[in-house]
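Here the structure is laid out as structure tokens; the discussion comes afterwards.
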Amino acid sequence: MNLQTKFLVNLGLLAAVVLVVFALTNRKIIDQFNADEIDSQLSTHLQLSRELVDTLLANVKSDLDLISNDSLITSYFSTNEVSRYQLFHSEGTRTLKRYLKHREFYAEIAIILPDGYKDIYVTASSMPDSEQDINLFLREKNRLNQSDETLLAVEFLAHQQVLLTGYQPVRQFSSRLAADINPIIGYIKISVDLLRLTVKSSSKRILSSLIIDGKNYYDPDTASKLQIDQSPDLPGQVNSVSKAIFERLILQSSMRNDVYLDVSTLLLQRGLLLIVLVVVSLLSTTVLLLRIVILRPLATFSHLIAESDSHVANDLSLYRYDDNEFGKLKQKFDGLMSGLRESTASLERQAFSDPLTGLPNRAALYRFLEQNTGAGFVKPLSILFLDLDGFKQINDIYGHETGDHLLIEVGKRLRQLVRGQNADEACPSRLDSRHDCVIRLGGDEFTIILTGNENAEFVAKRIVQGFQSSINIDNKALYTGVSIGISQYPAHATSPSTLIQYADLAMYQAKTQGKMRSVLFSPALVAFEKQRQRVDRTVREGIEHNRFSAHFQPKVHTRTGAIVGFEALARLRDAQGTLVPPADFVTVAQDSGVLEYITYSVAESTCQLLQQLAQPGLVGAINISPRQLNDLRLIADIRTIMWRYKVVPEQIEFEITEEELIGNALVAKQNLDLLRRFGFRTALDDFGAGYSSLGQIKKYAFDTLKLDQLFVNTEDYNSTAAYGVVTSIKSLADTLGMEIVAEGIETAEQIEFVHSVGIEIVQGYFYSQALPMAEFIDLYHQNPYALDHSESLGRSQLDPIRASKFKP
């Protein structure tokens with residue numbers, strides 16, 4: 001039997017079996033599916049309807065409370081009955097209409113007097129107009145539930161109209177009356193149209209209804225449209241589920257049982273017809289395609305192989321095909337494949353191995369991930385992305401040859417730490433999903449594949465600890481650390497490129513946190529990276545389109561009210577004109593290497609302002625980063641700007657955070673001394689928020705010590721402990737000859753506190769926020785002595801009119 005006949009016979013038998021199985025089982029499956037679908041839709045619909053009712057009840061109780069506590073309503077009940085109508089009727093009606101307008105199911109909102117008279121009320125168009133609330137006296141009879149003083153009841157109107165009514169009593173409170181005998185002087189009433197609610201919650205197939213005291217209430221038009229008859233004499237035609245809202249009020253969802261019958265029958269018929277058509281088409285097409293696509297090319301291929309000089313090697317696995325076309329082909333094919341296997345193995349080793357370390361390379365990694373991730377692969381994997389810390393310095397100092405030897409030893413150590421392999425064992429280029437393996441991506445970047453996710457962080461810690469010891473290269477002990485990022489399949493991503501990208505993001509986060517550590521990827525890293533890229537784009541567009549500017553916040557001598565200086569702060573607006581927070585763009589600008597432009601812009605604006613004010617004693621403060629402190633070109637360029645605006649160095653103060661003092665104390669002191677030799681003033685910014693010790697501060701001889709705002713804006717800033725700490729800092733500054741400035745001053749009490757410890761120069765929103773140049777100049781010339789100090793701050797009150805001139 002040739003291949004064509006065998007194929008057609010097998011396909012015909014398979015098609016016959018499929019038809020029989022489909023006909024026997026499909027009806028039962030569809031019927032069960034229909035029953036499950038009806039139950040599922042009813043349960044889901046009932047749950048959604050219940051949530052709608054719960055939301056409505058919460059809105060009723062909330063609105064009753066809001067209305068009863070509304071200042072207008074409170075004034076209404078506080079006024080005598082003679083004046084109520086003239087003073088409050090029209091405004092009260094408008095107030096109630098606002099609530100009625102924004103609540104879809106509200107039928108009536110009313111203010112009712114104890115005798116049942118509706119003094120102020122608004123109703124929906126479908127409600128009868130009545131000035132007397134009869135249900136007020138029947139509310140206990142129709143009560144559904146009572147929580148605190150809010151009472152919920154049902155109200156039955158004509159034409160099967162049912163309302164859910166909430167009453168909120170309003171009491172007359174008086175200090176002369178006991179709390180439990182304050183009389184009720186009225187009620188706030190909200191009525192909800194329950195039938196309208198059932199219409200809203202009904203769907204294209206499901207009818208919503210309410211059962212009150214055993215009687216079913218629903219909209220007849222909706223029931224007729226859905227062809228649902230709730231009559232008790234038609235059992236079995238309607239399937240219903242219900243859930244109690246209150247003891248007397250039950251929510252019900254109903255659906256016809258035969259709603260899916262026609263669809264399922266049609267589906268079964270079409271399915272059978274489709275299978276028959278597919279089988280017939282498949283059989284017809286297969287005969288044609290088998291001849292054109294398979295048999296003819298096989299004959300040609302066999303002829304070409306027969307004319308070649310390839311060595312023929314018998315393969316026992318192909319003997320079963322001796323009675324068909326493959327029997328003639330297999331002799332030639334095996335010979336060809338034996339040569340191809342040897343060549344392919346050699347090429348694979350070259351294509352998927354790193355020539356330096358012998359480890360699998362980037363191509364091997366991507367091939368492995370493509371073959372073991374995606375649809376159908378559920379086995380978890382962890383990707384560890386490693387970057388060597390300090391490798392560039394070793395390469396620069398000892399040369400690339402030493403660097404290459406170091407990379408080889410790093411690969412061996414990683415294999416020992418991950419798999420416990422001996423240093424001389426080779427790691428195969430074809431990765432195995434059953435074993436962990438080390439891959440070199442290139443440069444000083446490595447990747448590790450772990451089979452499973454539960455031990456990834458443990459292995460990463462073991463690797464970090466394993467690189468705390470030196471690596472001996474040519475009798476030199478070299479130290480290099482690792483920063484590791486971890487991503488996991490399928491928890492974090494299913495795409496190979498995304499997995500590696502996420503692990504890379506996590507690795508950079510590890511470097512940011514201080515290196516020699518590992519970080520597990522989280523979605524927040526993606527959001528952070530996208531935000532950083534958006535800010536980076538905004539910064540570069542800001543430079544290109546000149547969107548950077550400087551704002552100036554005054555430093556004020558509190559006893560005289562004089563502005564003695566200011567701090568220049570960079571501001572950036574995006575393309576829409578919105579201010580970008582400095583905390584967002586400063587770090588990004590520094591990482592992108594464009595922070596110098598911002599500093600130049602701020603320095604030029606500062607010098608321009610000092611020139612316009614023409615006050616030799618006025619000092620402008622400019623913030624510089626730790627990296628800029630070491631850039632002498634920056635200082636030289638700022639001196640050029642000062643010369644252009646005729647500003648002397650004594651008018652410029654550079655503010656530096658404590659961060660720089662921690663890194664390299666000797667270099668920091670040399671650079672600070674150089675700034676002072678040029679004539680500039682220096683200030684230690686945010687003192688107390690960092691980690692520098694008081695013992696080190698004396699080495700730097702700052703001109704100004706800026707007390708961080710955490711000393712004045714915490715809840716216990718004026719406690720005995722806080723007073724002692726700030727007093728000690730003030731004494732230290734006085735001893736070292738440093739001027740001290742308190743930041744973050746926002747209240748008069750904070751001014752009293754800093755006065756009590758002897759601090760007289762402050763900066764904060766109490767006087768002014770950071771202002772554009774023109775507004776700062778107006779503020780400076782308007783009233784530089786805005787505070788009245790005729791009395792001591794401990795006993796006097798600040799003049800609110802004067803103080804407001806300095807506030808934002």
Side-chain angles (χ1 to χ4, degrees), residues 552-569 606 609-610 613 615-624 629 647-658 660-661 668-669 671-690 692-712 717 722-723 725-745 750-764 766-768 770 780 784-785 787 789 793 806:
F552 307 92
Q553 187 172 37
K555 297 178 183 177
V556 180
H557 195 291
T558 58
R559 295 195 181 277
T560 65
I563 298 176
V564 297
F566 59 83
E567 180 179 358
L569 301 168
T606 300
L609 177 60
L610 290 171
L613 293 177
Q615 295 292 330
L618 196 65
V619 177
I622 302 172
N623 292 281
I624 60 174
L629 182 61
V647 174
V648 297
E650 289 77 10
Q651 289 185 277
I652 299 296
E653 184 174 70
F654 290 108
E655 293 189 4
I656 301 132
T657 61
E658 294 179 78
E660 173 61 22
L661 304 183
K669 186 177 187 309
N671 293 331
L672 289 171
D673 290 342
L674 180 61
L675 288 178
R676 281 189 292 272
R677 285 199 297 272
F678 282 143
F680 294 109
R681 293 173 57 87
T682 58
L684 179 60
D685 197 11
D686 298 333
F687 178 75
S692 63
S693 66
L694 297 178
Q696 287 183 326
I697 299 302
K698 65 182 181 180
K699 300 178 182 179
Y700 299 98
F702 286 101
D703 298 289
T704 304
L705 197 67
K706 297 195 72 175
L707 191 67
D708 190 79
Q709 59 182 349
L710 67 87
F711 289 101
V712 296
Y717 73 88
Y723 179 84
V725 171
V726 178
T727 301
S728 300
I729 296 174
K730 178 64 169 65
S731 299
L732 174 66
D734 292 341
T735 302
L736 298 177
M738 299 180 187
E739 182 180 81
I740 188 166
V741 177
E743 296 182 288
I745 299 298
Q750 292 172 343
I751 291 183
E752 291 186 27
F753 171 71
V754 297
H755 265 298
S756 67
V757 296
I759 298 175
E760 296 184 344
I761 300 178
V762 299
Q763 176 182 343
F766 181 80
Y767 292 102
S768 175
Y780 186 84
Y785 305 96
L787 297 178
H789 292 278
L793 282 172
F806 282 80

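When all heavy atoms of Ile563 and Pro554 are compared, the pair lying nearest together is CG2-CB, 3.9 Å. The minimum heavy-atom distance between Ala568 and Asn623, with the atom names listed, is O-ND2, 3.8 Å. The shortest heavy-atom contact between Leu618 and Gly565 is CD1-N, 3.5 Å. Scanning all heavy atoms of the two residues, the minimum distance from His557 to Val564 falls at CB-CG1, 4.0 Å. Contact detail for Ala733 and Leu705: the closest heavy-atom pair is CB-CD2, 4.2 Å. Taking both residues in full, the closest heavy atoms of Phe687 and Leu684 are given as CD1-CD2, 3.5 Å, listed atom of the first, atom of the second, then distance.
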- Task: Check the pair Leu707, Lys730 against side chain to side chain contact (heavy atoms under 4.5 Å, CB included), reporting the backbone distance first and the verdict last.
- Result: CA-CA 9 Å; Leu707 191 67; Lys730 178 64 169 65; over 6 Å; no
- Message: The test is salt bridge (charged side-chain N to carboxylate O under 4.0 Å, His left out); show your working for Asp673 and Lys669 and say whether it passes.
- Response: CA-CA 6 Å; Asp673 290 342; Lys669 186 177 187 309; 3.0 Å; yes
- Query: Between Glu655 and Asp686, is a side chain to side chain contact (heavy atoms under 4.5 Å, CB included) present by the stated rule, with each step listed?
  - Reply: CA-CA 9 Å; Glu655 293 189 4; Asp686 298 333; over 6 Å; no
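With a 4.5 Å cut-off on side-chain heavy atoms, Leu672 and Phe702 count as touching. Residues Ile759 and Val726 meet the side-chain proximity criterion, which asks for heavy atoms closer than 4.5 Å. No side-chain heavy atom of Ile740 sits less than 4.5 Å from a side-chain heavy atom of Ile761. For the pair Asp703/Arg676, a side-chain contact is recorded, criterion being any heavy-atom separation below 4.5 Å from C-beta on. In this structure the side chain of Glu760 never reaches within 4.5 angstrom of the side chain of Thr560, judged on heavy atoms.
Note that NZ of Lys706 and CG of Asp685 are 5.0 Å apart. Values are rounded to the nearest 0.5 Å. The CZ atom of Phe711 lies 9.5 Å from the CZ atom of Phe753; values are rounded to the nearest 0.5 Å. Distance check: Glu567 CD to Glu743 CD gives 6.5 Å after rounding to the nearest 0.5 Å. Taking CD1 from Ile729 and CG from Asp734, the interatomic distance works out to 12.0 Å, rounded to the nearest 0.5 Å. In this structure, CG in Leu675 is found 6.0 Å from CD1 in Ile656, a value given to the nearest 0.5 Å. The CZ atom of Phe766 sits 4.0 Å away from atom CD1 of Ile751, with the distance rounded to the nearest 0.5 Å.
For the side chain to side chain contact (heavy atoms under 4.5 Å, CB included) test, residues two or more places apart in sequence or in another chain that qualify with Gln651 are Leu610, Val647, Val648. Evaluation of the salt bridge (charged side-chain N to carboxylate O under 4.0 Å, His left out) rule for Glu653 yields Lys555, Arg681 as partners, not counting sequence neighbours. Applying the side chain to side chain contact (heavy atoms under 4.5 Å, CB included) test to Ala770 and every residue at least two apart in sequence or in another chain returns His551, Gln553, Leu569, Arg571. For Phe552, the ring-ring contact (aromatic ring centres under 6.0 Å, His included) partners are Phe566, not counting sequence neighbours. Qualifying side chain to side chain contact (heavy atoms under 4.5 Å, CB included) partners for Ser728, counting only residues two or more places apart in sequence or in other chains: none. For the side chain to side chain contact (heavy atoms under 4.5 Å, CB included) test, residues two or more places apart in sequence or in another chain that qualify with Pro649 are Met642, Phe680.
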